[in-house]
Every structure is written in structure tokens, then in C-alpha cells.
Undergrad: 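Below you'll find the structure I mean.
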Amino acid sequence: MSEMTLLQDLQARGLVAQMTSEEELEKHLAEGSVSLYCGFDPTADSLHIGSLVPLLTLKRFQEYGHKPFALVGGATGLIGDPSFKAQERKLNDDATVAGWVEKLKKQVSQFVNFDSGENSAEVVNNLDWTQNVDVLAFLRDVGKHFSVNQMIAKESVKQRIDREGEGISFTEFTYMILQSYDFQQLNAEHGVTLQIGGSDQWGNITGGIELSRRKNGNQVFGLTLPLITKSDGTKFGKTESGTIWLDSSKTSPYAFYQFWLSTADADVYRFLRYFTFLPVAEIDRIDEEDAQRQGRPEAQGVLAREVTRLVHGEEGLAAAERITQALFSGDTAALSEDDYRQLAQDGLPSTDVKAAYGDTLAETPLTTLLVDAGMANSGKQIKDALQRNAVVINGQAYGAEDNMKAAEIFAEANARFGSYFLVKVGKKKHCLLTI
RNA sequence: GGUGAGGUUCCCGAGUGGCCAAAGGGAUCAGACUGUAAAUCUGACGCGCAAGCUUCGGUGGUUCGAAUCCACCCCUCACCA
């Protein structure tokens with residue numbers, strides 16, 4: 001890491017979408033430790049990888065000596081951010097949101113350091129300063145600073161206002177004011193002078209800058225991160241099996257690792273810049289070397305390792321690599337009994353066939369059994385796979401005629417070490433069945 | 001409150017009495033080719049191994065037969081007040 005400033009590093013990584021006055025921000029950051037914040041709204045019981053860039057960016061700031069505040073939106077999560085959302089969203093009830101807040105607090109805490117003296121991180125909840133504000137006071141003291149004319153001109157709500165067939169409720173429309181109030185409060189109470197967020201947050205951030213200037217008389221700054229896009233135009237962070245969560249009980253380290261490993265070539269070097277702490281020069285070197293080499297690039301492996309380590313630690317990474325090695329090396333016969341036991345513990349989906357079906361195993365079609373095991377969404381998919389010899393159990397491929405032969409297939413004689421069956425459907429889906 | 005437009009299978013979107021489990025596209029899954037890529041080609045794609053079963057906002061009705069017609073209700077949007 002040479003003489004690069006934080007901003008230069010962020011820019012080299014493509015991590016800056018917009019910011020307020022580059023020169024002044026650069027100067028401000030050079031003056032000493034800056035307190036900054038980023039908000040995370042509880043919309044589920046875990047964050048997903050969409051929040052990873054902001055989380056890692058907080059960490060990047062902290063590594064440069066700044067003090068990060070992770071804000072969990074106990075209040076804003078009750079309202080719902082309309083920014084660039086096509087539709088009005090359903091409200092979640094208080095208790096649910098409160099539960100999510102607690103989980104997010106823990107999750108967010110993994111990424112920043114709470115024990116680094118002066119610039120130790122803090123976690124705050126905007127419910128703390130909003131729940132007791134009374135409506136009239138809010139309207140008079142805060143609302144008065146916002147012009148509806150300006151608010152409806154914001155790009156982030158434009159499509160909801162202009163577009164045929166959609167609309168926006170007053171509740172969601174007010175979201176921007178709440179977020180602005182957060183910034184102003186954090187500025188007043190904790191000396192926070194910078195807010196970062198996704199590029200969709202720009203409108204909300206500038207609102208807070210304006211409010212801090214008017215109410216606190218302080219100049220504060222904003223910086224947004226780019227929307228993560230994929231070259232094929234599909235949405236980042238989703239796979240066939242759903243969202244990639246940061247919580248290991250929702251997305252296992254193995255599945256997480258696999259997600260990154262399957263990053264498209266066209267995206268992988270960009271993602272290395274976004275999601276890892278590897279120096280940009282190092283990433284460029286990997287890019288060049290991959291370009292020279294025939295066959296499989298190295299970048300996906302590096303990306304998967306780095307990000308899995310950041311989110312799930314060395315242990316999670318080791319588990320993910322163990323499973324990957326076992327399943328994709330092609331040599332599953334070489335696995336020891338201990339290895340099989342380890343696979344299940346490491347997060348390879350597993351089912352106890354005997355416990356689940358017992359005597360009815362003989363009448364259970366493979367289609368049902370494998371759907372239950374989570375290998376497909378419907379029996380049709382398994383049927384299709386069977387017809388194409390894509391169902392492989394302990395190295396043996398089965399066809400459509402074997403559909404009703406579960407009892408024979410899962411006989412003890414066929415099991416590895418008397419109880420394990422490694423099932424593969426297609427090229428990438430695996431699970432462990434035991435008897 | 002008034003007027004108008006709508007609510008179709010994961011998404012978009014056709015379908016206005018039988019030929020509709022419902023066109024087309026996207027997404028997704030599987031196969032070939034590969035690098036656990038991309039692109040391309042092939043097949044699948046409501047549920048069910050199958051016989052068969054259940055869908056077109058909801059409820060009732062008309063009809064031999066309804067996603068399609070009628071009534072009421074719910075929801076969304078736009079404009080007007």
C-alpha cells in the first residue's frame with residue numbers, strides 16, 4: 001500500500017459513485033480522524049451480500065484511522081425506503097423489526113473493530129432518537145426545512161411519481177426526511193461528518209447534508225458507492241436458490257464460497273476490487289496473468305477465498321474449501337469416514353433417509369426424495385435429470401427406470417462406510433444422504 | 001366521493017365462452033460443448049413416478065362448458081373534486 005490516500009484507493013477500486021466536493025472531502029479526511037456512518041435497514045433477519053460493499057467500506061475507512069458508526073435502522077426499517085423501488089412495500093410489524101435489529105447489530109459488528117482506541121466503531125439505532133419525537137415538533141422543527149417541490153424532483157422517487165400504475169404513500173415519501181434527521185442527529189451528538197451508502201442513497205444523503213447545515217450550521221459530506229452490476233444484466237446477489245445471506249445459518253460458508261467461485265470472468269476483476277482488501281496493483285497482476293494463461297482463470301478462486309474469509313473467517317473458509325475439494329476433485333472414493341462426517345458438519349446439506357422415510361422408502365420415488373432433500377424445486381426437474389443420467393449417487397448414475405428403486409439404491413451394501421451416500425444432481429448440486 | 005384503467009402461472013405480458021395448464025419473452029433447471037466459465041444448440045419449466053389433480057384478485061351466479069359473461073366484494077393506479 002503506497003502513498004495512496006483513502007479516496008484515491010476507493011477511486012482506483014471503482015468504489016466511488018458520487019461524492020460531495022472531492023477536494024473538500026479529501027482535505028477533511030486529511031485533517032484527522034473523521035466520524036462517518038452508514039445505515040442498514042432491517043428488512044430481513046440477516047443482511048445479504050448487497051450490504052457487503054458498504055460494510056467493507058466502513059472497514060476501509062477504519063483502517064485509515066477513521067471512526068465508523070454502523071446505524072441499524074430500527075426506525076427507518078418501520079417505514080421502508082422508497083428510493084428506486086418500483087413499488088410501495090408492505091410494512092413489517094414492530095416486534096419483527098425489533099428482532100431483526102438485534103440480529104443486524106451483531107452482524108454488522110463483525111466487520112468493524114470495536115477495540116481500536118480512538119477510532120473504535122460504534123453501533124447505533126435510529127429508533128433511539130426518533131421514537132419519542134412528537135409529530136408536531138417534528139413537523140415544525142424538521143419538516144419545515146424540506147421543500148416538497150425538491151423532494152418530488154428527486155430522481156429516487158421520480159419513477160414512482162411519474163410512472164403510470166404506481167404511486168407513493170406519504171409514509172414512504174417521508175423516509176427521506178427521517179434519514180436526513182439521522183444524519184443531522186449523528187452530526188450533533190457524535191460529530192459525524194460523513195455518510196456513505198449505496199448510490200441509491202444519494203438523494204437521502206444530500207437531504208441530511210442540507211439539514212445538518214441548516215440546523216447545526218455544519219458542513220458535512222456524503223459519498224456513495226456504486227451499484228454492483230453483473231455483465232450479463234442479471235441482478236447481483238441472487239442465485240437459483242435465492243439470496244446470498246451473510247448469516248452462515250442462512251447461506252452456508254460452502255454455498256457462499258461457491259457463489260463467488262462462479263463469478264463470471266467479465267465481472268471477477270471488478271469484484272476483486274470491490275470486495276477484497278487486496279491492493280489494486282495485486283489485482284491487476286492477477287488479471288494479467290489470467291489473460292496469459294489458457295483455461296481457467298485464477299481470479300475466481302482468489303475472490304472466493306478472500307471474501308469467504310472476510311465474512312466467515314478462517315474456519316468457515318477451511319470448511320468451504322474442504323467440501324469443494326471433496327465434491328469437485330472427482331475422487332470421492334478417496335474420502336475417509338471422517339471426511340464424510342466432516343462434510344455434514346461443514347454445511348453440505350444432509351438428510352437422514354432412514355429417519356425421514358423408514359419403511360416407506362420402497363414406495364418413495366427418487367423425485368420426491370431428492371426434492372425433499374433440497375436438490376430441486378419440483379419432481380419434474382429430478383425426472384428430467386434422471387432421463388439425462390444426471391443423478392449420480394456414490395459415483396453411480398441412475399436413470400428414469402430407477403425412480404421407484406430407492407430402497408435398493410439406499411441399501412446398506414451400497415453405502416460408504418455403511419451409512420453415507422453422496423448425491424449429485426447436475427454438475428453443481430450435491431447433498432449427503434445417510435442411512 | 002366521482003370518473004376511467006387495471007389485478008393471468010417466478011417476473012413481464014398475450015388470451016374476451018369450448019381447440020387453455022393458458023401464446024411470446026425473461027428468469028430458472030438439465031444435457032451437449034467447456035474452465036464447477038461465457039456464447040451457442042437441445043430438452044424441461046402449475047403439482048404429481050403415474051392415474052390424475054389444482055389454477056387466471058375473492059365470493060356467488062349464468063351455461064353442457066368460464067381466465068373469458070353477470071352480480072357483489074377486495075386491492076392497485078390515474079384524473080377530477
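Quick note on labels: first sequence line is chain A, next is B, and so on, each numbered from 1. Since the model is a prediction, treat every value here as computed from it, not as a measurement.
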Undergrad: If the C1' atom of B:rG25 is compared with that of B:rG13, how far apart are they to the nearest Å?
TA: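 Comparing C1' positions in B:rG25 and B:rG13 gives a spacing of 8 Å.
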
Undergrad: So, is A:Thr367 close to the B:rC49 phosphate, meaning a side-chain N or O under 4.0 Å from OP1 or OP2?
TA: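 For A:Thr367, the contact criterion (side-chain N or O under 4.0 Å from OP1 or OP2 of B:rC49) is met.
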
Undergrad: Tell me yes or no: between the side chains of A:Thr206 and A:Lys154, is some donor less than 3.5 Å from an acceptor?
TA: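 A:Lys154 and A:Thr206 do have a side-chain donor-acceptor pair below 3.5 Å.
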
Undergrad: Does A:Phe256 have its ring centroid less than 6.0 Å away from the ring centroid of A:Trp245?
TA: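 Judged by ring-centre distance (under 6.0 Å), A:Phe256 and A:Trp245 do not meet the cut-off.
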
Undergrad: Using only modelled atom types and a 3.5 angstrom limit, is any donor from either the side chain of A:Gln300 or the base of B:rU36 paired with an acceptor on the other?
TA: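 Flag unset: no donor-acceptor pair detected.
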
Undergrad: One thing to verify: whether A:Arg285 and A:Glu282 come together as a salt bridge, which I'm taking to mean a side-chain N less than 4.0 angstrom from a carboxylate O.
TA: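 Result for this pair is yes, salt bridge flagged.
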
Undergrad: I'd like the C1' distance from B:rA23 over to B:rC72, given in whole Å.
TA: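 32 Å, rounded to whole Å.
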
Undergrad: Base, sugar-phosphate alone, or nothing: which one does A:Ala390 contact when heavy atoms must sit under 4.0 Å apart?
TA: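 Touches sugar-phosphate only.
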
Undergrad: Let's test this: given Watson-Crick or G-U wobble pairing with both distances under 3.5 Å, identify the partner of B:rA78.
TA: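 WC or wobble partner is B:rU3.
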
Undergrad: For this output row, return yes or no: ring centroids of A:Phe271 and A:Phe236 closer than 6.0 angstrom.
TA: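 Yes, they do, as the ring centres are separated by less than 6.0 Å.
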
Undergrad: Hey, are the side chains of A:Trp100 and A:Ser46 touching, using non-hydrogen atoms and a 4.5 Å cut-off?
TA: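 In short, these two side chains do not touch, never coming nearer than 4.5 Å.
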
Undergrad: On the ring face of A:Phe421, is A:Arg416 found with NZ or CZ under 6.0 Å from the centre and within 45° of the axis?
TA: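 Not satisfied by the 6.0 Å and 45° rule.
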
Undergrad: Suppose we call a contact any N or O donor and acceptor under 3.5 Å apart; does that hold for the side chain of A:Lys424 and the base of B:rU36?
TA: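 In this structure, the two groups form no donor-acceptor pair.
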
Undergrad: Pick the closest RNA chain B nucleotide for A:Val371 and for A:Ala385 by heavy atoms, then say which residue is nearer the 5' end.
TA: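 First, find each residue's nearest nucleotide; the 5'-ward one identifies A:Ala385.
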
Undergrad: Check the phosphate of B:rU36 against A:Arg296, side-chain N and O only, distance under 4.0 Å to OP1 or OP2. Yes or no?
TA: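 For A:Arg296, the contact criterion (side-chain N or O under 4.0 Å from OP1 or OP2 of B:rU36) is met.
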
Undergrad: May I ask which nucleotide in the shown strands pairs with B:rA21, Watson-Crick or G-U wobble, both distances under 3.5 Å?
TA: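 Checking every strand shown, B:rA21 finds no partner, since no pair has both distances under 3.5 Å.
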
Undergrad: Taking only the side-chain heavy atoms of A:Pro365 (C-beta and beyond), determine which of B:rU34, B:rA37, B:rC49 contains the nearest atom.
TA: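 In terms of side-chain proximity for A:Pro365, the closest of B:rU34, B:rA37, B:rC49 is B:rC49.
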
Undergrad: With a 3.5 angstrom cut-off on both distances, give the Watson-Crick or G-U wobble partner of B:rA67, or none if there isn't one.
TA: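 Here B:rA67 is not engaged in any pair, so there is no nucleotide opposite it.
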
Undergrad: Which nucleotide sits closest to the side chain of A:Gln258: B:rU36, B:rC49, B:rC29?
TA: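 Of the options given, the side chain of A:Gln258 lies nearest B:rU36.
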
Undergrad: Using the C1' atom on both, measure B:rC10 against B:rU28 and round to a whole Å.
TA: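 To the nearest whole Å, 9 Å.
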
Undergrad: Heavy-atom nearest nucleotide on RNA chain B for A:Asn389 versus A:Met404: which residue maps closer to 5'?
TA: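 This one resolves to A:Asn389.
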
Undergrad: Expressed in whole Å, how much space separates the C1' atoms belonging to B:rG60 and B:rC74?
TA: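 Rounded to whole Å, the distance is 15 Å.
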
Undergrad: Nearest to the side chain of A:Lys383 - B:rU36, B:rA30, B:rC49?
TA: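 Looking only at side-chain atoms, A:Lys383 lies closest to B:rC49.
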
Undergrad: Please report the distance separating the C1' of B:rC56 from the corresponding atom of B:rA22, rounded so that it comes out in whole Å.
TA: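 That atom pair is separated by 8 Å.
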
Undergrad: Using atom C1' in both nucleotides, what's the gap between B:rC47 and B:rU55 to the nearest angstrom?
TA: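 After rounding to an integer number of Å, I get 10 Å for this pair.
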
Undergrad: Which nucleotide, in any strand shown, forms a Watson-Crick or G-U wobble pair with B:rC33, with both distances under 3.5 Å?
TA: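 In the structure as shown, B:rC33 has no Watson-Crick or wobble partner.
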
Undergrad: Rounded to whole angstrom, note down the C1' distance from B:rU9 over to B:rA5.
TA: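 It works out to 23 Å between them.
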
Undergrad: Considering only atom C1', compute the distance from B:rU59 to B:rC64 and round it to an integer number of Å.
TA: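 Their C1' atoms lie roughly 23 Å apart.
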
Undergrad: Tell me the partner of B:rG52, counting only Watson-Crick (N1-N3 plus N6-O4 or O6-N4) or G-U wobble (N1-O2 and O6-N3) with both under 3.5 Å; none if nothing fits.
TA: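 Base partner found: B:rC47.
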
Undergrad: Using purine N1 to pyrimidine N3 plus N6-O4 or O6-N4 for Watson-Crick, or N1-O2 and O6-N3 for G-U wobble, both under 3.5 Å, which nucleotide pairs with B:rA27?
TA: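 Paired with B:rA27, as far as the under-3.5 Å criterion goes, is no nucleotide at all.
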
Undergrad: Run the ring-centre check on A:Phe183 versus A:Tyr37 and record whether the distance is less than 6.0 Å.
TA: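 Yes; A:Tyr37 has its ring centre under 6.0 Å from that of A:Phe183.
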
Undergrad: Only pairs with both distances under 3.5 Å count, Watson-Crick or wobble alike; so what is the partner of B:rC72 in this structure?
TA: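 For B:rC72, the partner nucleotide comes out as B:rG58, under the 3.5 Å rule.
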
Undergrad: Would you tell me if any nitrogen or oxygen in the side chain of A:Lys429 comes within less than 4.0 Å of OP1 or OP2 on B:rU36?
TA: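 No, A:Lys429 has no side-chain N/O under 4.0 Å of OP1/OP2 on B:rU36.
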
Undergrad: Taking atom types as they are modelled, is there a donor-acceptor pair under 3.5 Å from the base of B:rG48 to the side chain of A:Lys380?
TA: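 Indeed there is one.
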
Undergrad: Using only side-chain N and O atoms of A:Ser378, determine if any of them is under 4.0 Å from OP1 or OP2 of B:rC29.
TA: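 No, no such contact exists.
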
